[in-house]
Number of protein chains: 2
Amino acid sequence: MTTVETVTDATSSWDPYERGCPSRDLLDRIGDKWSILVLGELGEHGTSRFTELRKRLSGISEKMLTQTLRALERDGLVLRTVHAEVPVRVEYELTPLGHTLRGPLRGLTEWSLRHMAEVLAAREAYNARAEQTG
Amino acid sequence: MTTVETVTDATSSWDPYERGCPSRDLLDRIGDKWSILVLGELGEHGTSRFTELRKRLSGISEKMLTQTLRALERDGLVLRTVHAEVPVRVEYELTPLGHTLRGPLRGLTEWSLRHMAEVLAAREAYNARAEQTG
DNA sequence: GGTGGCTACTTACCGATGGAGAGTTGCCAG
DNA sequence: CTGGCAACTCTCCATCGGTAAGTAGCCACC
């Protein structure tokens with residue numbers, strides 16, 4: 001009884017502040033620690049292989065890299081191409097949809113870089129206050 | 001014995017792609033599911049009380065709301081004011097630093113709203129492919 | 001022809017994190 | 001002295017993330 005077919009357009013009726021809304025899950029997924037970094041890397045370096053990504057995202061485990069890439073692929077943000085060579089070569093790159101996320105994501109990373117010092121200062125101030133008041 | 005890690009130099013040398021870099025943790029914190037929503041709510045509604053936030057962010061547990069607000073307060077993004085009344089009234093609002101995050105965060109939420117349909121379509125396509133090959 | 005090596009994963013195990021919900025504190029009305 | 005409100009705080013349990021070892025397919029080397 002509803003006209004659901006016009007969804008391709010604007011923000012329609014999604015609301016991340018409502019429990020159970022898919023947009024909340026999506027926000028969680030793209031705001032994920034490793035997703036942000038993987039998308040950022042693929043955005044800057046273009047097509048990359050599995051081991052390249054693992055090296056550049058220092059500290060990520062193979063399990064999490066696989067898991068993150070799979071999730072991004074499933075959501076249409078990353079394209080995975082398997083070259084049947086020996087040994088196997090698998091390449092990852094952003095889809096057009098994935099590229100549209102670069103802007104928003106860059107906004108986040110730039111903010112964290114720009115305001116890092118202020119946040120660290122706030123933490124020290126908070127800790128100092130905590131020590132005084134007990 | 002003050003073990004204060006004086007992170008001396010300026011903001012320019014942070015790199016979230018490096019393990020152990022504080023900017024990676026910060027990115028993780030502000031990209032956190034509940035942090036995004038709490039900051040978004042405080043940005044839109046201005047000063048809010050604990051129970052107001054809990055109602056608006058439907059689905060958040062009290063534990064996570066407290067935890068998220070504490071972390072945001074510690075990082076200097078949210079100001080917490082206790083009014084010694086009966087019953088106690090606690091109000092939360094964004095700090096000036098917190099306000100600077102609204103833009104980047106809005107970028108993310110708007111992206112997820114705008115591209116929700118495409119992502120859902122990609123998931124269905126992925127599942128269909130998985131059924132064929134698997 | 002068995003061994004080792006390469007790439008891209010999987011799997012097993014375990015400590016940390018998140019969700020549900022009951023308990024706590026302080027104070028005042030009844 | 002019991003009940004109720006606001007803002008937590010605590011406990012239990014399921015899921016998640018990290019570590020590290022194992023797997024599969026194929027080929028070069030011995």
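Computed from a predicted model, the values in this text were never measured in an experiment. Just so we're on the same page: letters track the sequence lines, and every chain starts at 1.
- No side-chain heavy atom of B/Trp14 sits less than 4.5 Å from a side-chain heavy atom of A/Thr109.
- Applying the 6.0 Å contact sphere to CD of B/Glu124 captures no more than 12 heavy atoms from other residues, nucleotides or ligands.
- Contacts of B/Thr51 with the nucleic acid, taken as non-hydrogen atoms under 4.0 Å apart, involve only primed sugar atoms and P, OP1 or OP2.
- For B/Tyr92, the side-chain atoms get nearest to D/dC8 when compared with the rest of D/dC26, D/dC8, C/dG26.
- Per the geometry, CD1 belonging to A/Ile60 stands 14 Å off C1' belonging to D/dC16, to the nearest Å.
- B/Glu62 has its CD atom 12 Å from the C1' atom of D/dC5, to the nearest Å.
- Here the nucleotide nearest the side chain of B/Arg70, chosen from D/dT9, D/dA7, D/dA21, is D/dT9.
- Remark: B/Arg49 is in phosphate contact with D/dA7, judged by side-chain N or O atoms under 4.0 Å from OP1 or OP2.
- Between A/Thr68 atom OG1 and A/Lys33 atom NZ the span is 10.0 Å, to the nearest 0.5 Å.
- Distance from the side chain of B/Met64 is smallest to C/dG18 among D/dC8, C/dG18, D/dG25.
- Residues A/Lys63 and B/Glu91 both approach DNA chain D. Their nearest nucleotides, taken by heavy-atom distance, put B/Glu91 toward the 5′ side.
- Atom CG of A/Leu77 sits about 13.5 Å away from atom CZ of A/Arg102, to the nearest 0.5 Å.
- Listed nucleotides: D/dA7, D/dA6, D/dG17. Nearest to the side chain of B/Phe50: D/dA7.
- Contact between the side-chain N/O atoms of B/Arg80 and the OP1/OP2 oxygens of D/dA7 is not found at any separation under 4.0 Å.
- Proximity of B/Leu101 to B/Leu94: side-chain heavy atoms (C-beta onward) are nowhere separated by under 4.5 Å.
- Between A/Lys33 and D/dG18 there is a side-chain polar atom (N or O) within less than 4.0 angstrom of OP1 or OP2.
- Among the atoms of the strands shown, none is found under 4.0 Å from any heavy atom of B/Arg54.
- The separation between B/Glu85 atom CD and D/dA6 atom P is 12 Å, rounded to whole Å.
- Separating the CG atom of B/Leu65 from the C1' atom of C/dG18 is a distance of 14 Å, rounded to the nearest angstrom.
- Using a 4.0 Å cut-off, some side-chain N or O of A/Trp34 falls inside it from OP1 or OP2 of D/dG18.
- For the pair A/Gln67 CD and C/dA8 P, the computed distance is 18 Å after rounding to whole Å.
- Atoms NE2 (A/His83) and C1' (C/dC6) sit 17 Å apart, rounded to a whole Å.
- Base contact: A/Ser61 has a heavy atom under 4.0 Å from a base atom.
- When rounded to the nearest whole Å, the span between CG of A/Leu57 and P of D/dG17 equals 15 Å.
- Atom CG of B/Leu69 and atom C1' of D/dT9 are 15 Å apart (whole Å).
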